[in-house]
Number of protein chains: 2
Amino acid sequence: MATIYEVSEAAGVSLATVSRVMNGNAKVSERTRKKVEDAMASLGYQPNAIAQSLASNRTNSVGLLVSELHGSYFGDLMSTVEQVLKQNGKHVIITAGHVNVDREHEAIEFLKSRRCDALILHAEAVSDDYLRKLVDSKLPVVIINRKVDNLDDNCFVVDNEQGGYLATHAAIKQGHRNIGYISGPLFKKDASDRLAGHKRALAEAGIEFEASSLFEGDFHESSGQEGMQYMQTHFSKLTALVCANDEMASGAMTAAREAGFDIPSQLSIIGFDNVLFSRYLYPKLTTINNPIHAMGEMAAHWVLQHVYNIKSSMAIEHLFVPEIINRDTLGKL
Amino acid sequence: MATIYEVSEAAGVSLATVSRVMNGNAKVSERTRKKVEDAMASLGYQPNAIAQSLASNRTNSVGLLVSELHGSYFGDLMSTVEQVLKQNGKHVIITAGHVNVDREHEAIEFLKSRRCDALILHAEAVSDDYLRKLVDSKLPVVIINRKVDNLDDNCFVVDNEQGGYLATHAAIKQGHRNIGYISGPLFKKDASDRLAGHKRALAEAGIEFEASSLFEGDFHESSGQEGMQYMQTHFSKLTALVCANDEMASGAMTAAREAGFDIPSQLSIIGFDNVLFSRYLYPKLTTINNPIHAMGEMAAHWVLQHVYNIKSSMAIEHLFVPEIINRDTLGKL
DNA sequence: CACTTAAATGTAAGCGCTTACAAAATATTG
DNA sequence: CAATATTTTGTAAGCGCTTACATTTAAGTG
């Protein structure tokens with residue numbers, strides 16, 4: 001693999017000049033530029049990004065932490081972030097934290113050791129304090145889907161409470177009053193916010209919240225099935241079931257069908273996230289749109305503006321509003 | 001950010017000694033090791049991976065190229081590869097090629113410039129010649145889901161032809177003779193192989209392949225819907241529909257239902273890949289298992305063995321056999 | 001205890017680049 | 001055309017590590 005030294009020799013110029021034509025930041029005469037470019041081409045020269053980074057203290061790569069590498073939600077997020085950044089010549093290094101303190105920690109350390117120019121984090125397990133320290137350390141950080149006190153400028157969140165409210169409110173508007181709720185793990189802020197919204201909608205309609213109407217799942221499909229089974233034995237009067245994400249809603253639908261319910265005539269189901277596959281479920285899932293795409297885009301633009309000084313016309317917004325997507329799983333009572 | 005120099009000073013030893021305790025490859029007395037470790041801890045020292053890589057010519061990271069960052073298939077693949085590699089202290093740098101020659105090219109160049117120790121490629125657009133050159137360049141490369149002549153040692157593939165055969169064969173065994181087929185883009189080897197298998201099954205059963213029974217999709221959900229619509233106007237006698245992947249099968253199911261077909265009593269559908277969500281479709285999709293998980297695992301182990309000399313008990317296999325997963329969308333005629 | 005052998009540590013030369021700063025070449029001006 | 005300003009190029013010092021080799025220290029031996 002050719003080095004800059006060989007190029008400089010072949011072109012009959014100094015290292016510095018080669019570096020200059022590579023980076024295009026200093027003036028080089030047309031004639032020498034040509035010589036250098038020819039030499040590069042004929043040697044098949046490819047700059048060593050590692051060496052460049054070490055010397056320039058700039059890696060042109062931003063670290064992205066997600067909880068999992070699979071699943072629609074994270075797929076959308078990764079895809080969006082990568083697209084925006086790549087369009088601007090920046091690269092993304094993706095790691096997974098698996099919703100585990102140690103692993104998130106380790107993943108972030110990895111990204112830091114890799115000297116990413118900035119970090120985009122969907123961190124669920126790590127503490128607020130840790131994140132505050134991270135931001136204080138001068139490393140540009142943006143936090144997705146989590147609001148950390150005193151870090152408003154770095155956080156991009158959807159209004160989960162409002163989303164939870166919308167879901168349950170929609171069910172109530174269709175006449176439902178016995179509404180089951182399958183939540184995510186309640187130690188997670190987004191899960192508890194959504195539940196809070198659910199309760200607000202109930203309260204507003206004068207419906208008392210019953211403890212037995214709640215099943216705490218883990219955001220995965222299988223816990224949706226378990227949740228539905230739970231409902232049948234502990235809250236069998238339900239006519240509508242609100243789920244804190246689409247995956248669990250899908251699981252619940254499967255279980256409901258196995259139990260002989262017709263959806264939505266005998267049981268209404270509402271999801272959350274509006275993940276890609278939700279429209280392909282049968283019946284098509286009524287859900288709350290979680291603007292992941294918009295948030296990912298925004299996070300990427302924030303980095304471009306703050307770290308690379310690349311301006312875009314996009315105004316930075318930190319709070320995203322959810323909205324209901326009416327499809328076929330919510331019926332009139 | 002503390003450097004190795006500051007650590008050596010704080011511990012009262014030389015740079016080399018600090019490096020030695022970091023890497024644990026040379027002997028260091030217990031006493032000095034302790035001194036160094038204490039110094040590291042109190043300084044919050046974190047090695048600069050960039051500098052390490054430059055000096056050692058080893059990045060401990062392997063590049064992974066996928067076609068897209070979203071979608072179940074790639075999610076599974078990324079997840080598996082990352083898991084195996086991370087367990088062994090190696091890191092994954094993921095890039096997307098978007099099934100486009102230039103972008104795959106660029107993505108691979110990026111990984112090379114990042115000095116990955118090895119590459120795991122799910123490259124669909126780039127030429128065989130390009131891949132052969134890449135392998136010749138001494139960069140360890142493994143190729144997933146694509147068989148390149150003279151590169152057998154580097155390729156891990158599922159027998160797509162056999163998979164296509166199995167799908168159609170299963171339909172025939174249930175009495176179907178008018179079988180529609182929604183393929184992937186036929187310039188892709190896997191798509192054309194699957195179709196070839198379909199044709200072989202037909203031939204074996206003495207059924208003539210009709211051109212109008214074929215719709216060429218793009219492996220995305222929406223083209224499954226389009227394919228189903230096509231069938232209704234151009235091949236309406238179909239009683240079974242074989243789809244070259246699960247996403248298109250899902251799209252086809254949606255369209256079929258909208259057109260009033262009951263599945264499987266009026267129309268049988270078979271997918272391909274056995275992607276996670278296929279079991280959550282309603283009815284649950286009968287499909288061909290594509291052992292992505294096993295292939296990803298194998299690819300990762302190949303790298304561990306060949307590049308990092310980490311032996312595992314796993315024997316390296318290059319050809320994976322597909323099998324049918326019987327669920328609820330294939331019915332007797 | 002002097003002498004050999006092994007273990008622990010230090011010295012210094014890179015790895016392939018970037019970038020102040022200095023030097024040389026070219027252009028401008030009265 | 002000499003003197004000065006300007007542009008273009010070269011020189012060399014790092015960036016933070018690893019590692020071959022040299023040196024020092026400790027352990028073993030008769």
Side-chain angles (χ1 to χ4, degrees), chain A residues 1-40 43-61 109-110 112-117 139 308, chain B residues 1-40 43-61 89 91 109-110 112-117 139 308:
Chain A
M1 193 127 279
T3 72
I4 196 177
Y5 181 76
E6 296 166 43
V7 174
S8 82
E9 187 151 84
V13 300
S14 73
L15 293 197
T17 302
V18 177
S19 174
R20 285 183 188 109
V21 347
M22 267 179 9
N23 297 299
N25 43 19
K27 21 209 119 208
V28 174
S29 77
E30 213 33 68
R31 226 159 49 90
T32 52
R33 151 167 288 112
K34 181 89 172 57
K35 277 196 298 186
V36 171
E37 278 167 353
D38 288 352
M40 283 178 168
L43 286 169
Y45 172 70
Q46 203 194 11
N48 181 329
I50 299 287
Q52 287 180 312
S53 299
L54 183 61
S56 67
N57 202 26
R58 195 26 103 71
T59 58
N60 283 314
S61 58
E109 291 304 310
F110 168 69
K112 282 171 61 185
S113 78
R114 231 66 201 171
R115 293 301 190 268
C116 291
D117 298 329
L139 212 200
Y308 298 112
Chain B
M1 192 127 281
T3 71
I4 197 177
Y5 181 75
E6 297 165 44
V7 174
S8 81
E9 188 151 83
V13 299
S14 71
L15 291 198
T17 303
V18 177
S19 174
R20 284 182 190 111
V21 347
M22 267 177 12
N23 297 299
N25 44 19
K27 21 209 118 203
V28 175
S29 78
E30 214 33 68
R31 228 160 49 89
T32 51
R33 150 166 290 113
K34 181 85 174 57
K35 279 196 297 185
V36 172
E37 278 167 354
D38 288 351
M40 284 177 167
L43 286 169
Y45 172 71
Q46 202 195 12
N48 181 328
I50 299 287
Q52 287 181 310
S53 298
L54 182 61
S56 67
N57 202 28
R58 194 29 99 75
T59 59
N60 284 314
S61 59
H91 295 280
E109 292 303 311
F110 168 68
K112 281 170 62 183
S113 79
R114 230 68 201 171
R115 293 301 188 269
C116 290
D117 297 329
L139 212 201
Y308 298 113

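So you know, we letter chains A, B, ... as the sequences are listed, proteins then strands, and number each from 1.
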Take A/Y5 and A/V18 through the side chain to side chain contact (heavy atoms under 4.5 Å, CB included) test and state the conclusion after the steps. CA-CA 9 Å; A/Y5 181 76; A/V18 177; over 6 Å; no
Trace of the side chain to side chain contact (heavy atoms under 4.5 Å, CB included) decision for A/M40 with A/Q46: CA-CA 8 Å; A/M40 283 178 168; A/Q46 203 194 11; over 6 Å; no
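Atom CZ in B/R31 sits about 12 Å away from atom C1' in D/dA26, given to the nearest Å. Atom C1' of nucleotide C/dT9 and atom NZ of B/K34 are separated by 19 Å, given to the nearest angstrom. Nucleotide D/dC17 holds its P atom 7 Å from the CZ atom of A/R115, rounded to whole Å. At whole-Å resolution of the value, NZ in B/K27 and C1' in D/dA27 are 14 Å apart. Atom P of nucleotide C/dT18 and atom OH of A/Y5 are separated by 17 Å, given to the nearest angstrom. Note: CE (A/M40) to P (C/dG16) measures 15 Å, nearest angstrom. If you take CG of B/L15 and P of D/dA20, they are 16 Å apart, rounded to a whole angstrom. Remark: P of D/dC17 and CE of B/M22 are 6 Å apart, rounded to the nearest angstrom.
Closest approach of B/K112 to B/L139, counting heavy atoms only: CG-CD1, 3.7 Å. Considering all non-hydrogen atoms of both residues, B/R114 and A/S53 come closest at NH2-OG, 4.1 Å. Annotation for A/V13 and A/V36: closest pair CG2-CG2, 3.9 Å, computed over non-hydrogen atoms.
In terms of the ring pair (Phe, Tyr, Trp, His ring centres under 6.0 Å) criterion, B/Y45 has no residue partners (sequence neighbours excluded).
With C/dG10, C/dT18, D/dT9 as the choices, the nucleotide that has an atom nearest any side-chain atom of A/V28 turns out to be D/dT9.
Counting non-hydrogen atoms under 4.0 angstrom, A/V18 reaches nothing in the nucleic acid.
Under a 3.5 Å cut-off, the side chain of A/N23 and the backbone N or O of A/N25 do not form any donor-acceptor pair. Between the side chain of A/D117 and the main chain of A/N60, a donor-acceptor pair closer than 3.5 Å is present. At distances below 3.5 Å, not a single donor-acceptor pair connects side-chain atoms of B/Q52 with backbone N or O atoms of B/P47.
Using a 4.0 Å cutoff on non-hydrogen atoms, the parts of residues 46-61 of chain A near DNA chain D are A/L54, A/A55, ordered by number.
Between A/S19 and B/G12, the residue anchored closer to the 5' end of DNA chain C is B/G12, taking for each the nucleotide with the nearest heavy atom.
In terms of phosphate contacts, A/T3 brings no side-chain nitrogen or oxygen within less than 4.0 Å of OP1 or OP2 of C/dG16. B/Y45 has a side-chain polar atom (N or O) that falls below the 4.0 Å cut-off from OP1 or OP2 of D/dC17. Contact between the side-chain N/O atoms of A/S29 and the OP1/OP2 oxygens of D/dT8 is not found at any separation under 4.0 Å. Between B/T17 and C/dG10, a side-chain N or O to OP1/OP2 separation shorter than 4.0 Å is present.
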I'd like a table of atom pairs between the protein and nucleotides 20-25 of chain C - only N or O on both sides, under 3.5 Å - with the distance next to each one.
none

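For A/D38, the CG atom counts as densely surrounded, since its 6.0 Å shell holds more than 12 non-hydrogen atoms of other residues, nucleotides or ligands.
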